[in-house]
There are 2 protein chains.
Amino acid sequence: MSPHTTMTESRLESELAQRGVRMTRQRRAILATIESAERHLDAAQILRRASRVEASVNRVTVYRTIGLLKRHGLIDELDLMHVTGDAHFYERRPEHDHIHVTCLRCGQVIEFESEHLAQLRAEVEQQCGFRVDVARTEIGGYCGGCQAMPEATAATRATRANKKGAEDARACGDAAHIA
Amino acid sequence: MSPHTTMTESRLESELAQRGVRMTRQRRAILATIESAERHLDAAQILRRASRVEASVNRVTVYRTIGLLKRHGLIDELDLMHVTGDAHFYERRPEHDHIHVTCLRCGQVIEFESEHLAQLRAEVEQQCGFRVDVARTEIGGYCGGCQAMPEATAATRATRANKKGAEDARACGDAAHIA
DNA sequence: CTACAGATGCAACAGAGTTTCACCTTGCAG
DNA sequence: CTGCAAGGTGAAACTCTGTTGCATCTGTAG
């Protein structure tokens, strides 16, 4: 660990070091941001947070570092049903596959684990002859709180509403994570 | 059916009529294009093909019609792992859920059905308290043909190569569809 | 046939992500 | 410890996908 930073060496950082990838102040800030996030961040949010630690971080470097981590299979890319726009969200690749269930009205995201995921992946490898690299299941629907609202119907839902909303998601009364 | 067109009324068209949605020449051309496609098309490809039938179709109308169909749950949106760029692809919503398995090297797409999909959906509805509207599983990996090539490894794969390639995908020796 | 709600085309816009290139830094060799 | 080359960075310009505002046109109910 460098003497001029107070950041602990993150797991992503040591994974990259193992692979002989050069480490920089900017990358360290970006990796730490992704790892310490309490929810899924998009590139702009990663930039904003990483800048607070290391002011010199640039938009372009965030994209390049995300690309690096994706190529090494260390993070996964999510759409979260594009409820809040066209950006992609990122998370450290977890030990066990899980899916993301997003409320199309309030934007709440739930992570959910199931045995069916591993079974599905195995089926694909066997029956399609593919070597599976990345598997992503996303579900869009309406959470308990939003089902109660009359306007939460398929033909009238407000996809892409709240596009410019605050960084923090609106809660719906439920806990944000299951499993 | 209008007397001045040789197009048969498509299923999407009658679905929209049932819902009281106004039908136009442009929409008819777009619907027919989506329904007759032998593979998944993105907005630009839909525009190109629809223009051959109805020259007045505009980019914006394609996007608006896609939005209309999505809101009514008549088509599904796919990323196909963004192998060829950032565009989205569309397909008529099928009777049975299926997943899309995309080769990260050659771009081949296989559709695959599995019982695990319905089971997963049921689990989510029960355990998350969500009303599920749309479920999407996408898998990226390497097909049989591309696994044989030495450069098809995770850290060196050419994601986004062939971005400006011809409209028709490169085959890999395998059939394009299973299930 | 008429009126009008709603659809269209065009142009301008917006957001996400990429590329180019001159400059800077890391990590290794000596 | 120092020099140096490979590789990373920032800034600006760019590409691509998709959206919006507005004037005009058209499908459909009456």
Side-chain angles (χ1 to χ4, degrees), chain A residues 1-5 13 16-31 41-48 50-51 54-71 77-80 82 84-90 158-165, chain B residues 1-5 13 16-17 19-31 41-48 50-51 54-71 77-80 82-90 158-165:
Chain A
M1 170 174 167
S2 154
H4 292 300
T5 170
E13 187 174 337
L16 286 178
Q18 251 178 277
R19 292 156 207 247
V21 173
R22 187 179 292 186
M23 193 48 48
T24 64
R25 283 175 298 124
Q26 293 89 340
R27 282 185 180 170
R28 248 187 284 272
I30 292 166
L31 302 184
L41 304 179
D42 65 18
Q45 292 163 348
I46 291 170
L47 172 61
R48 208 173 318 131
S51 300
E54 173 55 54
S56 72
V57 178
N58 184 276
R59 224 163 77 77
V60 178
T61 300
V62 171
Y63 283 113
R64 287 198 273 231
T65 303
I66 287 170
L68 178 76
L69 292 168
K70 276 199 292 183
R71 280 196 307 280
E77 188 175 71
L78 312 170
D79 283 356
L80 301 182
H82 289 311
T84 55
D86 286 332
H88 294 117
F89 297 84
Y90 301 91
T159 300
R160 279 164 194 275
N162 296 314
K163 201 170 186 175
K164 293 307 257 175
Chain B
M1 170 175 167
S2 156
H4 292 300
T5 171
E13 186 174 336
L16 286 178
R19 291 156 209 247
V21 173
R22 187 178 293 186
M23 193 48 48
T24 64
R25 282 174 299 125
Q26 292 87 342
R27 282 187 179 169
R28 246 187 285 272
I30 293 166
L31 303 183
L41 304 179
D42 66 18
Q45 291 163 349
I46 292 171
L47 171 62
R48 207 174 319 132
S51 300
E54 175 54 54
S56 71
V57 179
N58 183 275
R59 222 163 78 78
V60 177
T61 300
V62 171
Y63 282 112
R64 288 197 272 230
T65 303
I66 287 170
L68 177 76
L69 293 168
K70 277 199 292 183
R71 281 197 307 280
E77 188 175 71
L78 312 170
D79 283 357
L80 301 182
H82 290 308
V83 171
T84 55
D86 285 332
H88 294 117
F89 297 83
Y90 301 92
T159 300
R160 280 165 193 273
N162 296 314
K163 200 170 186 172
K164 292 308 254 176

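Atom set for the values below is all heavy atoms of this structure, side chains included, hydrogens, waters and symmetry mates excluded.
The separation between B:Arg48 atom CZ and D:dT17 atom P is 10 Å, rounded to whole Å. The NZ atom of A:Lys70 sits 15 Å away from the P atom of C:dA16 (whole-angstrom rounding). Across the protein-nucleic acid pair, B:Asp42 atom CG and D:dT17 atom C1' stand 10 Å apart, rounded to whole Å. To the nearest angstrom, C1' of D:dG8 lies 11 Å from CD1 of A:Ile30. One can place CZ of A:Arg71 at 13 Å from P of D:dG7, the figure rounded to the nearest angstrom. The distance between atom CD1 of B:Ile66 and atom C1' of C:dA7, rounded to the nearest whole Å, is 16 Å. Note: CE (B:Met23) to P (D:dA29) measures 13 Å, nearest angstrom. In this structure, B:Arg59 places its CZ atom 12 Å from C1' of D:dT15, rounding to the nearest Å.
Checked by atom type and distance alone, the side chain of A:Arg27 pairs as donor or acceptor with a backbone atom of A:Arg22 at under 3.5 Å. Judged by distance alone, with hydrogens and angles left aside, the side-chain atoms of A:Glu54 form no donor-acceptor pair with the main-chain N or O of A:Ser51 at under 3.5 Å.
With sequence neighbours excluded, the residues satisfying side chain to side chain contact (heavy atoms under 4.5 Å, CB included) with B:Thr61 are B:Gln26, B:Ile30, B:Asn58, B:Thr65. Under the salt bridge (Lys or Arg N to Asp or Glu O under 4.0 Å) criterion, B:Arg19 pairs with B:Glu15, sequence neighbours left out. Residues passing the side chain to side chain contact (heavy atoms under 4.5 Å, CB included) test with B:Ala43, sequence neighbours excluded: B:Val62, B:Tyr63, B:Ile66. Among residues two or more places apart in sequence or in another chain, the salt bridge (Lys or Arg N to Asp or Glu O under 4.0 Å) test is passed with A:Asp79 by A:Arg136, B:Arg136.
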All N/O pairs under 3.5 Å across the protein-nucleotides 21-25 of chain D interface:
none

Could you run down the sub-3.5 Å N/O contacts of the protein with nucleotides 3-6 of chain C?
residue, atom, partner, partner atom, Å
C:dA5, N3, B:Arg22, NH1, 3.4
C:dA5, N3, B:Arg22, NH2, 3.3

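Note on A:Gln26: every side-chain N or O is 4.0 Å or more away from OP1 and OP2 of C:dT25. Contact between the side-chain N/O atoms of B:Thr24 and the OP1/OP2 oxygens of D:dT26 is not found at any separation under 4.0 Å. At the phosphate of D:dG8, neither OP1 nor OP2 sits under 4.0 Å from any side-chain N or O atom of A:Thr61. One finds a side-chain N or O of B:Tyr63 lying less than 4.0 angstrom from the OP1 or OP2 phosphate oxygen of D:dG18. Regarding contacts with the backbone of C:dA16, every side-chain N or O of A:His88 stays at 4.0 angstrom or more from both OP1 and OP2.
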Residues A:Asp42, A:Gln45; criterion side chain to side chain contact (heavy atoms under 4.5 Å, CB included); working and verdict: CA-CA 5 Å; A:Asp42 65 18; A:Gln45 292 163 348; 3.2 Å; yes
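Taking CG of B:Leu16 as the start and CE of B:Met23 as the end, the distance is 5.0 Å to the nearest 0.5 Å.
Checked against C:dG17, C:dA12, D:dG10, the side chain of B:Asp86 finds its nearest nucleotide in C:dG17. Nearest to the side-chain atoms of A:Asn58 among the listed nucleotides C:dG17, D:dG18, D:dG10 stands D:dG10.
Projected onto DNA chain C by closest heavy-atom contact, A:Ala44 and B:Val57 fall at different nucleotides, the more 5' of which corresponds to B:Val57.
Between A:Glu77 and A:Lys70 there is a salt bridge, with a side-chain nitrogen of the basic residue lying less than 4.0 Å from a carboxylate oxygen of the acidic one.
In this model, no side-chain donor or acceptor of A:Arg25 finds a partner on the base of D:dT9 within 3.5 Å.
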